[in-house]
Amino acid sequence: MPRAVTIREIERIFAVTDPLGIHREAVVIPLAMRSPGGVRRLPGGRIEIVVDAEADFEQWVAGLPARIASVG
């Protein structure tokens with residue numbers, strides 16, 4: 001069974017996206033972690049952030065700004 005993203009992890013993601021000026025309503029975070037995780041731009045401009053189920057979360061979230069920048 002896939003591991004669920006916790007509120008603590010969602011708050012850590014928002015701690016990255018907020019300073020980047022990305023409105024929280026523009027961020028989609030599926031509640032099920034997947035491997036590989038990833039970041040992509042959805043139709044309509046929202047950003048989907050899928051937490052990687054296999055990676056260390058703290059290391060993964062540290063690399064999140066670069067992954068967000070890569071999708072524009």
Side-chain angles (χ1 to χ4, degrees):
M1 174 182 268
R3 201 174 121 222
V5 178
T6 66
I7 190 66
R8 173 194 262 162
E9 291 159 335
I10 291 170
E11 289 172 351
R12 290 281 291 118
I13 292 168
F14 286 148
V16 170
T17 59
D18 287 350
L20 294 174
I22 302 170
H23 195 282
R24 291 181 177 199
E25 290 183 13
V27 177
V28 176
I29 306 169
L31 296 180
M33 292 183 181
R34 293 192 305 249
S35 188
V39 176
R40 69 182 178 128
R41 176 104 25 206
L42 297 172
R46 295 174 81 189
I47 297 173
E48 180 184 55
I49 300 173
V50 179
V51 178
D52 193 314
E54 304 278 325
D56 173 79
F57 180 77
E58 289 304 319
Q59 289 178 354
W60 179 86
V61 82
L64 189 55
R67 286 190 290 281
I68 291 171
S70 73
V71 299

Provide the full list of salt bridge (charged side-chain N to carboxylate O under 4.0 Å, His left out) pairs with a residue in residues 55-72, sequence neighbours left out, each pair given once.
Arg12-Glu58
Mind jotting down which residue pairs meet the ring-ring contact (aromatic ring centres under 6.0 Å, His included) criterion with at least one end in residues 30-72? Sequence neighbours excluded, please.
Phe57-Trp60
Between Met33 and Val5, which heavy-atom pair has the shortest distance, and what is it?
CG-CG2, 3.8 Å
Would a 4.5 Å heavy-atom cut-off, applied to side chains only, mark Ile47 and Thr17 as touching?
no
Can you list the residues that meet the salt bridge (Lys or Arg N to Asp or Glu O under 4.0 Å) rule with Arg40, with sequence neighbours excluded?
Glu48
Do you know which two heavy atoms are closest between Asp52 and Ala55, and how far apart they sit?
OD1-N, 3.3 Å
So the ring-ring contact (aromatic ring centres under 6.0 Å, His included) pairs with at least one residue in residues 30-50 (sequence neighbours excluded) are none
If hydrophobic clusters are built from ILVMFWY residues whose side chains come within less than 4.5 Å, do Val71 and Ile22 share one?
yes
Contacts of Ser35 meeting side chain to side chain donor-acceptor pair (under 3.5 Å) (sequence neighbours excluded), chain-then-number -> none
Taking the side chain as every heavy atom from C-beta outward, state whether Val61 and Val51 have any atom pair closer than 4.5 Å.
no
Fellow cluster residues of Val50, listed by chain then number, with links counted only when side-chain atoms sit under 4.5 Å apart
none
Could you list all the side chain to side chain donor-acceptor pair (under 3.5 Å) pairs where at least one residue sits in residues 18-31, not counting sequence neighbours?
Asp18-Arg24
Spell out, yes or no, whether Leu20 and Phe14 are grouped together once hydrophobic residues are joined by side-chain heavy atoms under 4.5 Å, including indirect joins.
yes
same_hphob_cluster(Ile29, Leu42) at 4.5 Å side-chain heavy-atom cutoff
no
Quick one: closest heavy-atom pair of Pro65 and Val16, and the distance?
CG-CG1, 3.7 Å
